[in-house]
Amino acid sequence: MVPIKKSCSWILKNILQQRDQVKEMQPWKDLVKTGKFAMKNFYYAFLDQQQKVPWRKLFYGNVARPRALFTLRIACHDSLATKARLRKFGMLSNDACSFCEEVESLQHLFYECRGTRNIWQAILKWMDMHHTPQGWTQELQWVIENSKNKSWKAQILKVVVAEASYEIWNYRNDNIFADNRKEMEIDIERKIIDSIVNRVWMKPNLRKYIAQLIMP
């Protein structure tokens with residue numbers, strides 16, 4: 001019954017605002033009856049009410065580097081600091097892509113842009129997956145659909161999209177800020193494949209399949 005005062009902190013205000021919702025939860029009803037409180041029960045009750053994002057399973061069992069998984073998660077949330085996003089917040093006046101002069105949005109950069117489309121297509125070709133790259137929304141949905149099962153190719157594809165997203169984002173940053181653009185353009189595809197091989201090799205049940213991919 002504590003009133004929510006203006007002087008309350010942001011955290012306390014949000015906690016108190018959940019009271020009506022909590023009263024309808026089964027863990028609360030159990031607490032009233034038994035007098036026993038379990039934080040875990042309330043935690044899972046709150047989780048069950050949240051909408052599950054369609055890309056969550058891309059992270060299940062994904063052995064990509066933590067930094068690559070982090071970049072992929074930020075991209076899935078559409079929160080990468082692309083020029084279009086920075087301009088939206090008034091931080092840039094120019095949102096032109098450094099590869100092709102189109103507007104650099106997430107949708108464009110992954111993989112409508114000619115500077116990144118060929119990279120993604122080359123990685124998929126190495127995976128023996130014949131697919132024509134489109135924009136980020138379409139590619140994310142395609143990866144989700146093709147990584148649903150437990151086949152070796154589906155498991156490796158999850159690593160591929162994480163490692164490729166990370167390295168292409170770095171490639172974009174180097175193309176803007178660094179002086180080694182020509183070197184990066186030559187090494188980017190091999191760098192992505194090497195990272196995929198190194199990470200997938202950690203899973204013994206996938207080694208024979210990754211060996212097939214790297215054999216000439």
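Between Y171 and F99, the distance separating the two ring centers is shorter than 6.0 angstrom. Aromatic rings of W120 and H131 (six-membered ring for Trp) have centroids beyond the 6.0 Å cut-off, not under it.
R65 has a carboxylate O that lies under 4.0 Å from a charged side-chain N of E167, or vice versa, which qualifies the two as a salt bridge. Ion pair E112/R117 not flagged as a salt bridge, since none of the NZ, NE, NH1 or NH2 atoms sits closer than 4.0 Å to an Asp/Glu carboxylate oxygen. Ion pairing between R87 and D95 holds under the 4.0 Å rule for side-chain N and carboxylate O. Using a cut-off of 4.0 Å between Lys/Arg side-chain N and Asp/Glu carboxylate O, R85 and E104 are scored as not salt-bridged.
Atoms CG and NZ, from N170 and K191 in turn, are 6.5 Å apart once rounded to the nearest 0.5 Å. Within the model, atoms OG of S165 and CZ of F70 stand 13.5 Å from one another, a figure rounded to the nearest 0.5 Å. In this structure, I74 CD1 and L106 CG are separated by 11.0 Å, a value rounded to the nearest 0.5 Å. In this structure, CG on L124 lies 10.5 Å from NE2 on H130, to the nearest 0.5 angstrom. Note: L157 CG to M129 CE = 5.0 Å, rounded to the nearest 0.5 Å.
Nearest heavy atom pair, residue S105 against residue A84, reads CA-CB, 3.9 Å. Contact record, N205 with Q155: ND2-OE1, 4.1 Å, taken as the closest heavy-atom pair. The shortest non-hydrogen separation linking H77 to W55 is NE2-CH2, 3.5 Å.
Counting only distance, with no hydrogens or angles, the side chain of Q18 and the backbone of N14 share a donor-acceptor pair below 3.5 Å.
Both I214 and L206 are members of a single hydrophobic cluster when ILVMFWY side chains are connected at heavy-atom separations under 4.5 Å. In the hydrophobic clustering of this structure, V63 groups with V143; members are Ile, Leu, Val, Met, Phe, Trp, Tyr whose side-chain heavy atoms approach within less than 4.5 Å, directly or through other members. Hydrophobic cluster membership differs between Y166 and V159, with clusters built from Ile, Leu, Val, Met, Phe, Trp and Tyr side chains linked at under 4.5 angstrom. Note on L16 and V22: separate hydrophobic clusters, where clusters join Ile, Leu, Val, Met, Phe, Trp and Tyr whose side-chain heavy atoms are under 4.5 Å apart, directly or indirectly.
Listed by first then second residue, pairs satisfying salt bridge (charged side-chain N to carboxylate O under 4.0 Å, His left out) with a partner in residues 138-148 read E145-K148, not counting sequence neighbours.
Contact check for I4 versus Q17: side-chain heavy atoms found under the 4.5 Å cut-off.
The aromatic rings of Y209 and W152 sit parallel to each other, their planes meeting at less than 30°, with 60° as the upper class boundary.
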